[in-house]
Protein chains: 2
Amino acid sequence: MERKPTPDHLLLDRQLCFALYAASRSVTGLYRPLLEPLGLTYPQYLVMLVLWEQEGLTVRELGARLQLDSGTLTPLLKRLQAAGLVDRRRRAEDEREVEIRLTEAGLALREQASDIPECMAQRLQLSLEQMQTLRDELKQLTRQLQLSPTEE
Amino acid sequence: MERKPTPDHLLLDRQLCFALYAASRSVTGLYRPLLEPLGLTYPQYLVMLVLWEQEGLTVRELGARLQLDSGTLTPLLKRLQAAGLVDRRRRAEDEREVEIRLTEAGLALREQASDIPECMAQRLQLSLEQMQTLRDELKQLTRQLQLSPTEE
DNA sequence: GAACATTCAATTGTACACAATTGAATTTTG
DNA sequence: CAAAATTCAATTGTGTACAATTGAATGTTC
């Protein structure tokens, strides 16, 4: 009748994955009120960051950068288009590809977004150095996981 | 006609938030093939971790632990119930609360999940110490964000 | 103790994620 | 060059996330 306690390694608080999952959602939540005035969701903001860096990417190229597939990007980009921030156009050279370009409004939005990173940095209560270290550890982790695919 | 380049602080690769977002999704993706034989999604796995630790929690208590609201948990718990892993029952003491209890099958699943954390640790290619450090940094970050609410 | 307020889980509606499939366009091959 | 294979974005279907609302149950107050 005695029930075994759960083994330590299955405790929620021991899991790196949950720490990651919780932190990611918390940070996204912190962005929400900052992005709401711009009319952007957090994933839409990430797409805009990429487009502000480099114009005329295809859906595939955007997906490679953000690790998202067309199932996620296509509807998201349609919403950005409906909001008047981007244009979507089949490429003449290769009709399979759809090129995403900023509209004037889309480019102009960059100015409004310009102080978001600083604002976030303040709220995270981390030094610039701590932020960089943590960011680079996470990037290293992600790179590691993409290099070693799931061997069956 | 000259277009200004995007300022450095708006570059995608500079963002801690994207590093977090990408890492979280990558890790979740790594769990997927391990959880599939158990018939669990990753959020469902997190719920099971909590229930294996402590039985008879309410939806609210589960939500407090996982930082999820009833809009997410109610349908998720219905799916776990449909899979025969949990029971959902209104509390007699307070009919507003719904208590979640493991079924025999739900408890038994713990044995099958038992080697998942070790398997993941191997794939993450981090030392136990590195994992703990990173995990604790992320927990600290999350705690920080929950303490300082969005002052308008 | 009846009006009022609060606390629950559930519901509604919008927006991701992602696996799997589709179908058109292009590339490769025999 | 024509058939087969590949590469795209789009679509379909399932499962989260989360804000906002609903409605029942419980607490509080006068």
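Naming convention: chains lettered A, B, ... in sequence-line order (proteins, then strands); numbering from 1 in each chain. We use all heavy atoms of the structure for the numbers below, so side chains are in, but hydrogens, waters and symmetry mates are not.
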Polar-atom pairs under 3.5 Å, protein N or O versus N or O of nucleotides 24-28 of chain D: list them with distances, or write none.
residue, atom, partner, partner atom, Å
D/dT26, OP1, B/E95, N, 3.1

Nearest to the side chain of B/R79 - D/dT16, D/dA9, C/dA9?
-> D/dT16
How would you label the contact of A/T58 with the nucleic acid (heavy atoms, under 4.0 Å): base, sugar-phosphate, or nothing?
-> sugar-phosphate
Test applied, side chain to side chain contact (heavy atoms under 4.5 Å, CB included); reference residue, B/L16; option that passes from A/L134, A/V27, A/D136, A/T133 = A/L134
Using modelled atom types only, decide if a donor and an acceptor are shared between the side chain of B/Q112 and the backbone of B/A108 within a distance under 3.5 Å.
-> no
Take atom CG of A/L62 and atom P of D/dC8, then tell me their distance rounded to the nearest Å.
-> 14 Å
Check whether any side-chain N or O of A/D69 sits under 3.5 Å from a backbone N or O of A/T72 as a donor-acceptor pair, and report yes or no.
-> yes
Starting at atom CD of A/E97, determine the distance to atom P of C/dA24, rounded to an integer number of angstrom.
-> 18 Å
Atom CG of A/L73 and atom C1' of C/dA17: how far apart are they, to the nearest Å?
-> 10 Å
Only one of A/R143, A/R135, A/R65 clears salt bridge (charged side-chain N to carboxylate O under 4.0 Å, His left out) with B/D13; which?
-> A/R65
Mind calculating the distance between OH (A/Y45) and C1' (C/dC16) to the nearest angstrom?
-> 18 Å
For D/dT7, take OP1 and OP2 only and decide whether either is under 4.0 Å from a side-chain N or O of A/R60.
-> no
For B/V59 and A/P75, take the nucleotide of DNA chain C holding the closest heavy atom to each; which residue's nucleotide lies nearer the 5' end?
-> B/V59
Backbone N/O of A/T58 and side chain of A/E61: donor-acceptor pair under 3.5 Å = yes
Which one, C/dA10, D/dA17, C/dC16, comes nearest to the side chain of A/R25?
-> D/dA17
DNA chain C nearest-nucleotide lookup for B/T74 and A/D69: closer to the 5′ end is B/T74
Those residues at least two apart in sequence (or on a different chain) that pass ring-ring contact (aromatic ring centres under 6.0 Å, His included) with B/Y21 are A/Y42
Which whole-number value in Å describes the distance from A/L68 CG to C/dA15 P?
-> 16 Å
Scan B/Q67, B/Q146, B/Q144 and name whichever one has a side chain to side chain donor-acceptor pair (under 3.5 Å) with A/S26.
-> B/Q146
Contacts to DNA chain C from residues 35-43 of chain A, heavy-atom cutoff under 4.0 Å, which residues?
-> A/T41, A/P43
Side-chain contact, heavy-atom cut-off 4.5 Å: B/I100 with B/V98?
-> yes
Counterpart residues, side-chain contact (heavy atoms from CB on, under 4.5 Å), relative to A/A105 (two or more places apart) | A/L85, A/T103
Just how far, in rounded Å, is P of D/dA9 from CD of A/E99?
-> 11 Å
So, is A/R32 close to the D/dA19 phosphate, meaning a side-chain N or O under 4.0 Å from OP1 or OP2?
-> yes
Gap between atoms CZ and P, on B/R90 and C/dA9 respectively (whole Å) = 8 Å
4.5 Å side-chain heavy-atom contact, A/M120 and A/L34 = yes
Between D/dC18, D/dT11, C/dA19, which nucleotide has the shortest distance from any of its atoms to the side chain of A/K78?
-> D/dT11
Sequence neighbours excluded, which residues qualify as side-chain contact (heavy atoms from CB on, under 4.5 Å) partners of B/Q44?
-> B/L40, B/T41, B/L76, B/R79, B/L80
Any donor and acceptor pair, going by atom type alone, linking the side chain of A/H9 with main-chain N or O of B/S114 inside 3.5 Å?
-> yes
Positions of residues 11-23 of chain B (non-hydrogen atom under 4.0 Å from DNA chain D), listed by number | none
Side-chain contact test, heavy atoms from C-beta onward, threshold under 4.5 Å: evaluate it for B/W52 versus B/L109 and give yes or no.
-> yes
Under 4.0 Å between a side-chain N or O of A/Q44 and OP1 or OP2 of C/dC16?
-> yes
On a plain distance test, is the side chain of B/S70 in donor-acceptor contact with the base of C/dA10 below 3.5 Å?
-> yes
Within the pair B/T72 and D/dA17, is there a side-chain N or O less than 4.0 Å away from OP1 or OP2?
-> no
Between D/dT16 (C1') and B/L66 (CG): distance, integer Å | 13 Å
